[in-house]
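Take a look at the structure below.
For reference, positions follow the sequence shown, starting with 1. Values reported hereafter were calculated over all heavy atoms of this structure, with side chains retained and with hydrogens, waters and symmetry mates removed. In each ligand, atom 1 is the first atom listed, and ligand 1 is the first ligand listed.
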Amino acid sequence: MATSNLPTPDFSFDPNQPGACIAGVRPYRNGSYRLDAETISGKFIVHNYGHGGAGITLSFGCATKVRDIVRDHLAASPGATEVAVLGAGVMGLTAATLLFDLGLKVTIYADRPPLQTTSAKAGGQWAVSVVEFAGKERELAQIVKTAYREFKNRIGQGFGVFERPNYTATPSHNLDIVIQLAPGLIPPRKSLKRLPFEHHTKSGFVYQTLLIEPPVLLAKLKADLDLRGVAFVSKQFASRSDILASVPQAIIVNCTGLGSMTLWSDTKMMPIKGQLAMLRPQPALQYLYGQNGYMFPRSDHVVIGGTFEPGVNNETADKAVCQGLVDHIASLFGKAAAKPLSDIHIHNPDHAPIVNPAIPSV
Ligand SMILES: Cc1cc2nc3c(=O)[nH]c(=O)nc-3n(C[C@H](O)[C@H](O)[C@H](O)COP(=O)(O)OP(=O)(O)OC[C@H]3O[C@@H](n4cnc5c(N)ncnc54)[C@H](O)[C@@H]3O)c2cc1C
């Protein structure tokens, strides 16, 4: 029996329209993301950065770990009633949310408000993508489980979280990581004889995933923090010593993303630029799609992305790349001529990690 097709996107795109073409820089860290604490000049500092292409995905799990580290510190050295959170991206906002629940007075310091951060530029799939975790498999398993549960609990609660099928041409490496770290967390993928789209004839896969719309998530987290009286201070830090001298709180949670490369002289940090083409929203598209690049139909835009430029640290979007991304996905639906993938910085099929870590069973 022939499989009926799901709706085909309208690939109309004008890269010259404001906001049609955007670029962000992933805060990638060689070896592993950083989630640990140190004491410097009498201040207790918790680091939470370096999550590459998975910061939205891991946020609530990492924030839970941050909260536990601070709670244990307070149990061992009681006294502090205030905490400073550096950074207003997804890592800072989720950490601030959970630290408030500990009964602490929370102040957020950042040089960009939430909707101007890298977090606001993320595509929004819940996927453990382009993040390293060497030697931290057990910790990441816990983070992944917590984060998934926290996002699932927020479906329908105004956080921009939806459950969607993701159709892929190849078995997604990102999904394999989750299957190995947290067996049973996500329903298993199914093989399909044919992907159910116009012009598609080859076999593929489908699995249930979460779509998280970053602008909605960040706005909701910020609004909830505002309601709770959490203060936002607009401030740019020049260095570690600047932070130590100018932040009065004795507990500091560092969620400065790529900023940590300079602030903490972290030579493991590496920028990885990514570009996105934003098509008009198309509510009939209730699926995610991936084949050397991805398409995430969100309520604000249909987002097409999947480019990787390791070592490139600028947020200037290239209109030709964005048009090429659209043409690439459109070509798979028979709606455009294909472009060489190298022209549009798609080097990693199915956006696999830059370095594929061997995952021991946990
Ligand atoms: C194109 C693209 C697509 C992506 N898609 C996904 C996806 O589908 N799913 C997913 O999970 N992740 C995705 N990501 C990755 C995700 O966006 C990042 O991992 C995440 O945003 C990191 O969050 P963060 O809070 O650590 O950093 P940021 O969002 O960058 O926030 C850092 C904060 O620190 C502040 N700061 C930094 N330096 C200083 C300083 N010197 N002084 C004061 N403040 C400072 C900034 O102002 C900002 O408020 C994508 C990224 C890109 C670029």
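Atom 25 (O) of ligand 1 has Met91 N, 3.1 Å as its closest protein atom, hydrogens excluded (heavy atom only). The protein non-hydrogen atom at the shortest distance from atom 15 (C) of ligand 1 is Gly52 O, 3.2 Å. If you check which protein heavy atom lies closest to atom 46 (C) of ligand 1, you get Asp111 OD1, 3.4 Å. Scanning all protein heavy atoms for the shortest distance to atom 9 (N) of ligand 1 gives Gln125 O, 3.0 Å. Scanning the protein for heavy atoms near atom 2 (C) of ligand 1, the closest one is Lys121 O, 3.9 Å. The protein heavy-atom contact nearest to atom 52 (C) of ligand 1 is Arg26 CG, 3.8 Å. Nearest protein heavy-atom contact of atom 41 (N) of ligand 1 is Phe237 O, 3.0 Å. If you check which protein heavy atom lies closest to atom 12 (N) of ligand 1, you get Gly53 O, 3.0 Å.
The residue from Thr107, Ile108, Val247 that alone fulfils the side chain to side chain contact (heavy atoms under 4.5 Å, CB included) condition with Val233 is Thr107.
Residues Tyr33 and His51 place their aromatic rings such that the two centres sit under 6.0 Å apart. Residues Phe205 and Tyr167 place their aromatic rings such that the two centres sit no closer than 6.0 Å. You'll find the ring centres of His345 and Phe308 outside the 6.0 Å limit.
In this pair, His47 and Tyr49 present their aromatic rings perpendicular. The plane angle is above 60°, beyond the 30 to 60° band. Relative orientation of the Tyr289 and Phe197 rings is perpendicular, given thresholds of 30° and 60° on the angle between their planes.
The shortest N or O to N or O distance between Thr57 and ligand 1 is below 3.5 Å. At under 3.5 Å, not a single nitrogen or oxygen of Gly259, backbone or side chain, sits near a nitrogen or oxygen of ligand 1. Among the atoms of Ser119, some N or O lies under 3.5 angstrom from an N or O of ligand 1. Looking at ligand 1, you won't find any N or O of Asn48 less than 3.5 Å from one of its N or O atoms.
Contact of the Arg71 side chain with the Leu99 side chain is not registered, since no non-hydrogen atoms from C-beta on lie closer than 4.5 Å.
Between the side chains of Gln291 and Thr168, no donor-acceptor pair of N or O atoms lies under 3.5 Å. For Asn254 and Ser260, the side-chain atoms include at least one donor-acceptor pair closer than 3.5 Å. Gln275 and Thr307 form no side-chain donor-acceptor contact under 3.5 Å, judged by distance and modelled atom types alone. No side-chain N or O of Asn313 forms a donor-acceptor pair with one of Lys273 less than 3.5 Å apart. Using a 3.5 Å distance cut-off with no hydrogens or angles, the side chains of Gln323 and Asp327 do pair a donor with an acceptor.
In the candidate list Ala110, Ala122, Ser129, Gly24, Ala122 is nearest to atom 6 (C) of ligand 1, counting heavy atoms. For atom 34 (O) of ligand 1, the nearest non-hydrogen atom from the set Ala54, Gly87, Gly274 comes from Gly87.
Set against the non-hydrogen atoms of Gln236, the atoms of ligand 1 under 4.0 Å away are 42 (N), 43 (C). Listed by number with element, the atoms of ligand 1 under 4.0 Å from a non-hydrogen atom of Ala88 are 33 (C), 48 (C), 49 (O). The ligand atoms of ligand 1 that sit less than 4.0 angstrom from a heavy atom of Val25 are 53 (C).
Between Arg29 and Asp266, at least one side-chain nitrogen of the basic residue sits less than 4.0 Å from a carboxylate oxygen of the acidic one, meeting the salt-bridge criterion.
Put simply, no part of Trp126 is less than 4.0 Å from ligand 1, judged by heavy atoms. The shell of residues lying under 4.0 angstrom from ligand 1, judged by heavy atoms, includes Gly124.
Residue-level proximity to ligand 1 for Pro27 is carried by the side chain, the only part with a heavy atom below 4.0 angstrom. Neither the backbone nor the side chain of Lys273 has any atom closer than 4.0 Å to an atom of ligand 1 (non-hydrogen atoms only).
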